Amino acid sequence: MFETIAIIDGEPQNLAYHQQRFESAIKQYFNAQPQWQLADMICVPNEFRQGNVRCRIDYNAGEFQQRFFLYTPRKISTFQCVYTEDLDYCFKYSDRKRLDLLKTLQADEVIIINNGKVSDCTIGNLLFSRKGRWFSSRDYLLKGTQLTKLVEEGIVQLVQITPQDLPQYEQIMMVNALNPFDLQRVLPISAINFVR
């Protein structure tokens, strides 16, 4: 499994949320006790101490590997709904083949409709606004660290969302560890292609 952590000017972001998910994954998936604290594991090389950096930590019950990459946000301007049944991604598995196969040439990113409910896209959680309030699907595949934080802060409410509900919303935003809540990244709901 892996964690992706944003490093801004040498400082890891939202480590408490990543630590919580890391510990939960080790306990549930490997039936073991976590051996490390992420804060102790992360050693940012000098060449990655400026700007926005993506830190990826791949791990299992006894080993970990960390890599660093300069981060350039991916431009997303259109979404395509794709439909799945019983898709499971409750942990950040290193093998992402099932998610990667969902990508389409017709849009920059997909909205995964899993078992008839809106869930996530392939790289993060989705937020939807209506009348100034923000919502996200309670049927997410993976509860990301940004989503956890936004729900705890009362900025986002988890609700059930079906594909039929989507036109009732006004805006859409993708969030993940490297793309926090930012109104400059909001897209109109018309950015979604609903055609199956």
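Numbering starts at 1 and runs along the sequence shown. Everything numeric here is computed off the predicted structure, so don't read it as measured data.
Listed by first then second residue, pairs satisfying ring pair (Phe, Tyr, Trp, His ring centres under 6.0 Å) with a partner in residues 138-164 number zero, not counting sequence neighbours. Legend: ring pair (Phe, Tyr, Trp, His ring centres under 6.0 Å) pairs involving residues 104-128, not counting sequence neighbours, sorted by first then second residue: F128-Y169. Sorted by first and then second residue, the pairs that involve residues 28-38 and meet side-chain hydrogen bond (donor to acceptor under 3.5 Å, both in side chains), not counting sequence neighbours, are S24-Q28. Residue pairs that meet the side-chain hydrogen bond (donor to acceptor under 3.5 Å, both in side chains) test with at least one member in residues 144-155, sequence neighbours left out, are Y17-E152.
Residues I76 and L99 fall into different hydrophobic clusters, defined by Ile, Leu, Val, Met, Phe, Trp and Tyr side chains chained together at heavy-atom separations under 4.5 Å. Clustering ILVMFWY residues whenever any of their side-chain heavy atoms sit less than 4.5 angstrom apart, transitively, puts I111 in a cluster other than the one holding V82.
In this view, N115 and D86 satisfy the side chain to side chain donor-acceptor pair (under 3.5 Å) rule, not counting sequence neighbours. With sequence neighbours left out, Q50 forms a side chain to side chain donor-acceptor pair (under 3.5 Å) with no residue at all. The side-chain contact (heavy atoms from CB on, under 4.5 Å) search around P188 returns S190, not counting sequence neighbours. Under the rule for a salt bridge (charged side-chain N to carboxylate O under 4.0 Å, His left out), R49 has no partner lying at least two apart in sequence or in another chain. Under the salt bridge (charged side-chain N to carboxylate O under 4.0 Å, His left out) criterion, R133 pairs with no residue, sequence neighbours left out. For E85, the side chain to side chain donor-acceptor pair (under 3.5 Å) criterion is met by no residue, not counting sequence neighbours.
Checking each of K97, K103, R98 against D100 for a salt bridge (charged side-chain N to carboxylate O under 4.0 Å, His left out) leaves exactly one that passes, namely K103.
Rounding to the nearest 0.5 Å places CD of Q168 at 6.0 Å from CZ of R130.
In this model, a donor atom of one side chain and an acceptor atom of the other lie less than 3.5 Å apart for S77 and D108.
The main-chain N or O of L141 is found under 3.5 Å from a side-chain atom of D120 such that the two form a donor-acceptor pair. When atom types are taken as modelled, the side chain of Q66 and the backbone of M41 share a donor-acceptor pair closer than 3.5 angstrom. At distances below 3.5 Å, at least one donor-acceptor pair connects side-chain atoms of R185 with backbone N or O atoms of M174. A donor-acceptor pair under 3.5 Å is absent between the side-chain atoms of T78 and the main chain of A191, judged by distance alone.
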Listed pairs under 3.5 Å, donor-acceptor, residues 8-15 side chains, sequence neighbours left out:
residue, atom, partner, partner atom, Å
D9, OD1, G51, N, 2.7
Q13, NE2, E11, O, 2.8

Could you walk me through whether R21 and E3 satisfy the salt bridge (Lys or Arg N to Asp or Glu O under 4.0 Å) test, starting with their C-alpha distance in whole Å, then the side-chain angles of each, then the deciding distance to 0.1 Å, before giving a yes or no? CA-CA 9 Å; R21 185 169 62 189; E3 282 292 318; 2.8 Å; yes
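Chaining together hydrophobic side chains whose heavy atoms lie under 4.5 Å apart places L178 alongside Y71.
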